[in-house]
Amino acid sequence: MCGEFWVGELPDGGPDLVLWGKSRGLEEHDGSLVKYPLVCHLLDTAALAGAVWDDYLSLGLRGWLSKELGLSAQESRCFVMFMAGVHDVGKASPGFQRKVAMPNGYPQEGDCTDHARAGHLWIGAALQHKLGIPRHLSVRVGEIVGGHHGVFTTADPKDFKADKMKAHGLGIGAWGRQRLAHLEAMRAVLGFDHWPREITHEAQVIVCAIVVLADWLASRTEYVKLRLPDVPEMGRVEQLKRFFDGSGDRASAELQQAGLTRLQLKPGTFVDQFGFEPNRLQRSLESGLPALVTGPGLLIMAEQTGQGKTEAALFAAGIMSEAAGSAGLSFLLPTMATSNEMEPRLASFLKERVANPTPLNLLHSMAWLRRLKNELEQGDSVASQAKDMLTVVTEWLSGGKKAAFAPVSVGTIDQALLSVLPIRHNAFRMLAFANKTIIIDEVHAFDEYVEQLLSTFLAWCGHLRVPVILMSATLPQRTASRLTAAYLGQPVGAVGDISAALKYPGWRYVDLESQKSTSEAIEVASEQQRELFIEVHPCGVSDSGMQRMAALKTHLAPLLDSRGSAAVICTTVDEAQQTYLGLKTWLAEQGSDAELILLHARMPLHRRDEITSDIVRRFGKKGDRGGRTIIVSTQVIEQSVDIDMDLMVTDLAPLELLFQRAGRGCRHPENDAYRPKWVKGHRLVVLTPQQGDELALPGGWIYVYPEAAMIRTHRLITGLGGLPVQVPGEVQDLVDTVHTDPSLIAGHENAEVTSKAYELVAAAEAIRKSIPRPGHVSAVQLLSKGANVIDDEMVSTRFNADSVRVLPCFRRDGNLYFDEECEKPVPAPRWRGTDPIWLRSELASIIEHTIPLRTSYVDHEAGLAAQPDGWSKNHLLKRVIPLIFDFNADGDPQPVRMRGNNFRLDAKLGLLR
DNA sequence: AACAAAAAAAAA
Ligand SMILES: [Fe+3]
Ligand SMILES: [Fe+3]
């Protein structure tokens with residue numbers, strides 16, 4: 001039908017070098033524009049794609065792709081290079097060339113300025129009609145070309161109609177001959193003539209991502225400048241071949257310089273790798289795992305914190321990477337704070353175990369802040385040792401979507417989950433992870449929404465034959481089963497094979513190929529079993545919430561009389577603040593000098609960090625246990641804060657969380673000798689809000705924890721009747737019981753229905769938002785669902801997590817200050833024309849004074865309007881809402897009223913509501 | 001209308 005458009009002679013001289021591909025950053029000193037020919041950019045990209053294949057892609061992924069395409073490894077490599085070599089063919093069109101200079105002798109008409117789309121349509125049609133490539137391939141090739149800016153689209157067959165093509169400048173004539181000349185030149189230079197048997201949507205994802213990677217490498221201005229002298233005079237095949245060889249000669253070095261290398265760990269026993277004898281978990285893996293691992297697979301480890309899971313995972317990753325042929329490592333955690341802590345641990349491991357440069361990158365939204373601090377700290381200590389250079393992050397890898405391509409990365413799980421959300425460049429992100437062995441820590445900390453996104457991610461991992469390790473404290477069996485089923489490619493909601501239940505502590509390995517699973521329990525010597533006394537202390541409830549003070553006085557009095565440390569964990573920030581004040585009064589009444597510390601998330605970031613590192617330093621493994629300290633806190637203390645308190649007192653919370661909190665009490669046996677006398681064993685005091693015998697949850701609590709989980713937990717711990725729990729021995733059973741035993745919810749089935757409904761809504765939301773699982777991609781555009789509406793805001797890696805950063809600041813004489821004394825001004829930018837410029841350290845100081853606040857508290861419109869000049873143009877500040885306190889006539893700062901709440905900033909208490 | 005903590009957000 002539109003075949004007539006593809007007749008026409010090839011130009012004798014091949015590609016016209018006048019057609020430009022790159023011009024950014026190439027201006028001469030006199031201001032004249034240097035244009036880099038399109039064909040050169042395409043040859044560069046093809047050469048770099050070849051180098052990515054040779055030097056960066058994992059054996060596993062190469063093998064997968066070859067099989068998927070039905071080609072040999074060499075043929076697949078050639079196909080990928082060809083795709084890279086035609087990605088910008090749409091630039092040979094009037095719509096694009098016009099942007100800089102319209103060449104002579106070409107028709108003017110044509111309106112398609114989006115060269116990815118132009119390429120998509122043209123190549124899709126040209127391959128079929130001009131080269132006789134079957135439609136099921138030509139269409140898919142077109143979609144890859146069309147996706148190279150990060151958004152996949154599926155073309156409407158109508159778009160290929162002659163009149164539409166012509167209107168886009170995609171008809172025959174001089175332009176069409178040039179596009180064909182570029183395509184044919186690429187085929188000739190690469191010697192490409194083996195088309196894939198099939199191009200699945202999953203293969204499109206990976207091929208397109210490789211093309212994008214090569215394109216970004218080829219588009220660096222310095223690189224283009226470097227290649228500029230070699231640009232040939234004419235576009236004949238021999239000359240293009242020579243240019244291509246020149247690109248190829250440089251390509252490996254370019255990848256190296258960009259930091260795109262493979263991780264190669266020195267092999268060795270556990271002792272070789274870590275320098276100490278393996279413990280119970282590590283020993284079990286060292287003896288049991290190697291025989292099971294013959295290819296990609298999924299390892300789940302469940303063990304208490306502090307039992308060497310990290311080293312165990314790294315050890316297992318070595319074995320699994322080798323067997324699956326993966327080329328790197330990505331360590332993913334639930335929070336930025338935990339990732340920050342993991343980074344130096346991983347760095348010191350790598351420095352001992354790699355011989356080649358292996359950049360280690362930190363991946364999360366505040367990684368820049370961390371890097372800045374490290375630079376400031378190291379400032380003077382000049383590059384101490386050669387091995388410290390091994391893990392240094394290259395310029396190219398620092399920041400943005402490229403960061404995940406470092407051969408080793410540590411970061412938030414969200415970074416990986418972004419690859420299964422329909423956002424720009426998700427395929428590109430996917431490649432960064434698919435090339436590696438994935439380790440995911442603290443899997444127990446994810447809610448249904450994250451778990452569902454994670455399932456989709458795992459489904460892709462399994463499909464792409466990526467080895468995965470999951471680590472967790474106790475995990476409900478059904479969660480472990482669901483994640484396993486997802487990895488194995490079973491449909492959504494499948495529970496998988498539960499014959500080999502996960503033990504606690506223990507591990508389970510599932511081989512992807514055979515789907516055979518092996519579960520090992522870890523023998524815990526009886527002297528390693530510890531008794532935990534869960535002590536239920538009912539408290540009254542009034543309009544102002546749960547009445548804790550009487551209970552707290554009872555349990556904390558011994559501490560005042562002698563010494564020791566205790567933590568009190570409250571359900572809400574408001575309650576933590578009130579409890580802090582209540583205890584302060586009480587301590588004063590008692591004439592006690594005990595120290596009182598308040599920690600929660602509704603205080604400036606830097607305050608929270610200071611307090612956290614202070615208590616970790618003092619109450620970590622080797623702390624001074626001589627003083628009297630009470631920490632009042634919220635849930636912030638559950639995660640990542642490695643402290644050891646003599647006594648833990650907590651509000652009622654779901655059972656798994658109670659165990660987490662208990663883990664912060666009497667944590668290190670080596671500290672036991674120094675505990676005060678009143679500490680008789682490991683106790684967790686649970687304050688339960690009750691009216692008589694009935695649980696009576698205070699108003700706000702049901703928005704924090706589901707009522708059903710609270711009822712179940714309350715009944716279960718009450719039912720323990722004061723008997724101790726064996727830890728870890730009895731923990732898994734209790735966790736499974738609390739989730740499944742119907743008697744624990746009898747009489748409150750409605751609450752159960754409500755919480756199940758909520759879970760279903762969260763999971764359904766995740767399914768609705770995420771990309772399809774592999775094998776269920778019916779059209780490539782589903783990976784970018786409704787490409788035009790995505791742009792990045794609609795999707796979230798967390799459920800119901802809308803929070804916003806506010807900057808509390810004080811205004812005097814029109815100037816803003818961080819502090820009430822008006823001594824520390826909020827940095828204002830310098831201006832370059834209309835662009836605001838800040839130092840990184842200035843941005844850091846602003847961010848560090850911000851407080852996360854849920855969106856429902858914030859008057860967003862008015863807040864944005866109140867932003868100081870320049871903030872809206874800075875990507876770090878544009879979402880920060882200032883919370884401005886003015887002074888009254890007496891010189892007191894006035895509270896800010898927003899959405900019916902009055903906010904004040906208190907130096908000790910944080911933000912008060 | 002109440003609420004913990006948790007995360008993300010620039011490309012060729
Ligand atoms: Fe492009
Ligand atoms: Fe390009």
Side-chain angles (χ1 to χ4, degrees), chain A residues 21-25 36 41 44-45 87-88 91 115-116 148-150 211-221 223-224 332-339 363-367 396 399-403 411-418 421 423-425 428-429 442 445-447 449-450 453 569-576 599-602 608 633-641 651 653-654 657 660 697-706 790-805 852-857 874-880 899-901 913:
Chain A
K22 288 282 154 189
S23 68
R24 189 183 297 114
Y36 190 67
H41 172 60
D44 286 338
T45 309
H87 78 277
D88 271 343
K91 285 185 174 177
H115 70 263
H148 88 268
H149 289 163
V211 170
V212 172
L213 180 58
D215 188 22
W216 289 15
L217 287 165
S219 304
R220 293 162 302 154
T221 306
Y223 174 79
V224 176
L332 303 167
L333 301 113
T335 68
M336 298 193 277
T338 39
S339 332
L363 307 181
H364 61 66
S365 64
M366 297 276 174
W396 192 80
K401 295 162 184 167
K402 300 171 299 184
T412 52
I413 179 69
D414 307 74
Q415 294 287 325
L417 298 182
L418 287 174
L421 289 169
I423 53 168
R424 190 174 286 271
H425 291 123
F428 185 61
R429 292 188 129 108
E442 307 206 46
F446 302 140
D447 65 5
Y449 182 82
V450 171
L453 291 182
I569 305 180
C570 302
T571 303
T572 67
V573 174
D574 291 349
E575 288 167 298
L599 177 64
H600 55 72
R602 212 198 293 157
R608 180 180 162 184
S633 171
T634 58
Q635 295 80 342
V636 283
I637 213 151
E638 267 165 23
Q639 307 239 348
S640 84
V641 182
D651 288 0
L657 297 179
Q660 293 260 339
L697 298 176
W701 288 27
I702 53 163
Y703 303 103
V704 180
Y705 301 118
I790 51 174
D791 258 311
D792 299 4
E793 287 125 49
M794 315 307 288
V795 293
S796 170
T797 55
R798 307 269 171 146
F799 189 59
N800 259 357
D802 299 334
S803 82
V804 104
R805 300 208 79 90
L853 202 57
R854 45 186 356 109
T855 6
S856 56
Y857 288 159
N874 182 285
H875 74 284
L876 293 168
L877 300 180
K878 70 180 177 201
R879 291 175 204 88
V880 176
R899 298 274 182 101
N901 287 306
R913 185 168 70 95

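To find a chain, count down the sequence lines: A is the first, B the second, and so on, and within it residues start at 1.
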Just checking [X]: base, sugar-phosphate only, or nothing, at a heavy-atom cut-off of under 4.0 Å?
{"X": "S365(A)", "value": "sugar-phosphate"}
{"X": "S803(A)", "value": "base"}
{"X": "Y449(A)", "value": "nothing"}
{"X": "R879(A)", "value": "base"}
{"X": "E638(A)", "value": "nothing"}
{"X": "M336(A)", "value": "sugar-phosphate"}
{"X": "R899(A)", "value": "nothing"}
{"X": "R913(A)", "value": "sugar-phosphate"}
{"X": "V573(A)", "value": "sugar-phosphate"}
{"X": "K878(A)", "value": "nothing"}
{"X": "G700(A)", "value": "sugar-phosphate"}
{"X": "D802(A)", "value": "base"}
{"X": "V704(A)", "value": "base"}
{"X": "I702(A)", "value": "nothing"}

Practice prompt. Please figure out whether Q635(A) or Q415(A) has its closest DNA chain B nucleotide nearer the 5' end.
Written response: Q635(A)
Response to the item:
Per nearest nucleotide of DNA chain B, the residue lying toward the 5' end, H364(A) or L657(A), is L657(A)
[N] phosphate, OP1 or OP2: any side-chain N/O from [X] under 4.0 angstrom?
{"X": "T797(A)", "N": "dA6(B)", "answer": "no"}
{"X": "Y857(A)", "N": "dC3(B)", "answer": "yes"}
{"X": "R798(A)", "N": "dA8(B)", "answer": "no"}
{"X": "K402(A)", "N": "dA11(B)", "answer": "no"}
{"X": "R602(A)", "N": "dA4(B)", "answer": "yes"}

Worksheet item: Quick one: which of dA8(B), dA4(B), dA11(B) gets closest to the side chain of H425(A)?
Response: dA11(B)
Worksheet item: Do the non-hydrogen side-chain atoms of V704(A) and Q635(A) ever get within less than 4.5 Å of each other?
Response: yes
Worksheet item: Please give, in whole Å, the distance from dA12(B) P to K401(A) NZ?
Response: 7 Å
Practice prompt. Please check if the side chain of R798(A) supplies one atom and the backbone of D447(A) the other of a donor-acceptor pair under 3.5 Å.
Written response: no
